[in-house]
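Report on the following structure.
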Amino acid sequence: MSYGRTFPLWRDACAPVWQDYTRHDFVAGLGTGSLPRENFLRYLVQDYLFLIQFSRAWALAVTKADTVADMRACAATVQALLSEELPLHIRICAEAGLPEPRLQQAEEAPATLAYTRFVLATGHAGDVLDLLAALAPCVLGYGEIGQRLSREAERDSLYRDWIDTYSSPGYQQLCTEMGALLDGVAARRLGPAPEVSPRWGDLCQTFRTATRLEVGFWDMGLA
């Protein structure tokens, strides 16, 4: 999936790091079902904490957005995170004996702190396009990973729930809408050829840094 025009350009600008992220050993273990359950649960607890901060970052994007339509798109993403992704984490953890109060009391790992605070700091310091560049690797990378694993993974994979969530029509529609949001904001802020803007290099670097932090998040899951 290309998810618009801007995202593939950012992805291609950091191709080796993007490969490290989307083809990580943690991702491979999700696809084959070989990832140890304790590693998956460690990741899931941290991802629960991550998604709380990520929802705050998308709420910040509502305040930074240029148009009412963009505000609605960002608000819809907040809703999807809180009403669709978080419940998946809560349900799987509860089935493993980890009720939500224990998730709320968990301590954020250094990888979680590093990633979420980078995104929030980027959003507070910059404009909506800076923030979207920091948010995009997570949303769109998971969409790309989900689509690939839905084709490659066994139907009875231990992690089929996770794969089905990120390959679902609803999540893929969210990714398509984010791609359109990126394209619209980039055109308004940078003009019809965003890649020739003086800001382009900095935006690519923000996207690359967020992707590197995604790699670190998977590393944390395997530790």
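For the single chain, residues carry numbers from 1 onward in sequence order. Here the structure is a predicted model, which means the values were calculated and not measured.
- Ring geometry for Phe40 against Tyr159 counts as tilted: the plane angle lies between 30° and 60°, on a 0 to 90° scale.
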Q: In sequence, state the C-alpha distance, the side-chain angles, and the governing distance for Tyr21 and Arg212, and then conclude on side-chain contact (heavy atoms from CB on, under 4.5 Å).
A: CA-CA 7 Å; Tyr21 163 37; Arg212 287 174 54 218; over 6 Å; no
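- Taking every heavy atom of both residues into account, Thr211 and Cys14 meet most closely at OG1-SG, 4.2 Å.
- Arg42 contributes a side-chain N or O that, together with a main-chain N or O of Ala223, makes up a donor-acceptor pair within less than 3.5 Å.
- Under 4.0 Å is where a charged nitrogen must lie from a carboxylate oxygen, and between Asp66 and Arg189 at least one such pair does.
- Between Arg91 and Asp161 the shortest side-chain heavy-atom distance falls below 4.5 Å.
- Annotation: the span from Ile163 atom CD1 to Tyr142 atom OH amounts to 12.5 Å, rounded to 0.5 Å.
- The residues Glu152 and Arg148 are annotated as salt-bridged, a charged nitrogen and a carboxylate oxygen being separated by less than 4.0 angstrom.
- Between the side chain of Thr77 and the main chain of Ala73, a donor-acceptor pair closer than 3.5 Å is present.
- Using a 4.5 Å heavy-atom cutoff, the side chains of Glu84 and Gln79 are not in contact.
- Between Pro137 and Ala133 the shortest heavy-atom distance is CD-O, 3.3 Å.
- Side-chain heavy atoms closer than 4.5 Å link hydrophobic residues (I, L, V, M, F, W, Y) into clusters, and following such links, even through other members, never connects Met178 to Met71.
- Residues Leu9 and Trp200 form a side-chain contact, since some pair of their non-hydrogen atoms from C-beta on lies under 4.5 Å apart.
- Using a 30° and 60° split on the angle between ring planes, Tyr171 and Tyr166 fall in the perpendicular class, above 60°.
- Closest approach of Ser167 and Gln172 over heavy atoms only: O-CG, 3.7 Å.
- Note that CG of Leu149 and CG of Asp164 are 10.5 Å apart. Values are rounded to the nearest 0.5 Å.
- Contact record, Leu60 with Gly123: CD2-C, 3.7 Å, taken as the closest heavy-atom pair.
- Hydrophobic clustering of Ile, Leu, Val, Met, Phe, Trp and Tyr side chains at less than 4.5 Å, counting indirect connections, unites Leu82 with Ile92.
- Side-chain contact check for Phe207 versus Leu203: every heavy-atom pair is 4.5 Å or farther apart.
- Checking Glu100 against Tyr48 by side-chain atom types alone, a donor-acceptor pair falls below 3.5 Å.
- A distance of 10.5 Å separates CG of Asp183 from CZ of Arg188, quoted to the nearest 0.5 Å.
- Taking CD1 of Ile90 as the start and CG of Leu51 as the end, the distance is 10.0 Å to the nearest 0.5 Å.
- A salt bridge is defined here as a Lys NZ or Arg NE, NH1 or NH2 lying under 4.0 Å from an Asp or Glu carboxylate O, and Arg5 with Glu195 meets this definition.
- Put simply, CG on Leu35 and CG on Leu222 are 6.5 Å apart, with the number rounded to the nearest 0.5 Å.
- Contact detail for Leu44 and Cys93: the closest heavy-atom pair is CD2-SG, 3.8 Å.
- Asp130 and Arg199 are joined by a salt bridge, as a carboxylate oxygen and a charged side-chain nitrogen come within less than 4.0 angstrom of each other.
- Residues Arg72 and Glu177 are not paired through a salt bridge, judged by the lack of any N-O separation under 4.0 Å between the basic side chain and the carboxylate.
- Distance alone, capped at 3.5 Å, is enough to place a donor-acceptor pair between the Lys64 side chain and the Gly126 backbone.
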(Q) Could you walk me through whether Leu182 and Leu140 satisfy the side-chain contact (heavy atoms from CB on, under 4.5 Å) test, starting with their C-alpha distance in whole Å, then the side-chain angles of each, then the deciding distance to 0.1 Å, before giving a yes or no? (A) CA-CA 11 Å; Leu182 283 176; Leu140 301 180; 4.0 Å; yes
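- Met220 and Leu113 fall into different hydrophobic clusters, where Ile, Leu, Val, Met, Phe, Trp and Tyr side chains are chained together by heavy-atom contacts under 4.5 Å.
- Looking at heavy atoms from C-beta onward, Phe7 lies out of side-chain contact with Ser2 at the 4.5 angstrom threshold.
- At a threshold of 4.5 Å between side-chain heavy atoms, the hydrophobic network of Ile, Leu, Val, Met, Phe, Trp and Tyr places Leu88 and Leu86 in one connected group.
- Using cut-offs of 30° and 60° on the angle between ring planes, the pair His24 and Trp218 is tilted.
- The main-chain N or O of Thr165 is found under 3.5 Å from a side-chain atom of Ser168 such that the two form a donor-acceptor pair.
- No side-chain heavy atom of Phe54 sits less than 4.5 Å from a side-chain heavy atom of Thr116.
- Between the Asn39 side chain and the Gly221 main chain, a donor and an acceptor come within less than 3.5 Å of each other.
- Considering every non-hydrogen atom in both Leu190 and Ser197, the closest pair reads CD2-OG, 3.4 Å.
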Q: Could you check Asp70 against Val128 for side-chain contact (heavy atoms from CB on, under 4.5 Å), going step by step and ending with a plain yes or no?
A: CA-CA 10 Å; Asp70 288 357; Val128 66; over 6 Å; no
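- Residues Gln46 and Leu49 have side chains in contact (heavy-atom distance under 4.5 Å, counting atoms from C-beta outward).
- Within a 6.0 Å radius of CD in Glu95, more than 12 heavy atoms belonging to other residues, nucleotides or ligands are found.
- In this structure, Trp58 is a member of the same hydrophobic cluster as Ile52, with clusters built from ILVMFWY side-chain heavy atoms closer than 4.5 Å.
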Q) Run the side chain to side chain donor-acceptor pair (under 3.5 Å) check on Tyr43 and Trp162 step by step: do they pass? A) CA-CA 12 Å; Tyr43 150 78; Trp162 190 96; 3.3 Å; yes
**Q.** Verdict with supporting geometry, Tyr3 and Trp10, ring pair (Phe, Tyr, Trp, His ring centres under 6.0 Å)
**A.** CA-CA 12 Å; Tyr3 306 133; Trp10 284 347; over 10 Å; no
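- The side-chain heavy atoms of His124 and Leu131, taken from C-beta on, include no pair separated by under 4.5 Å.
- Distance check, rounded to the nearest 0.5 Å: OG1 of Thr112 to CG of Leu213 gives 10.5 Å.
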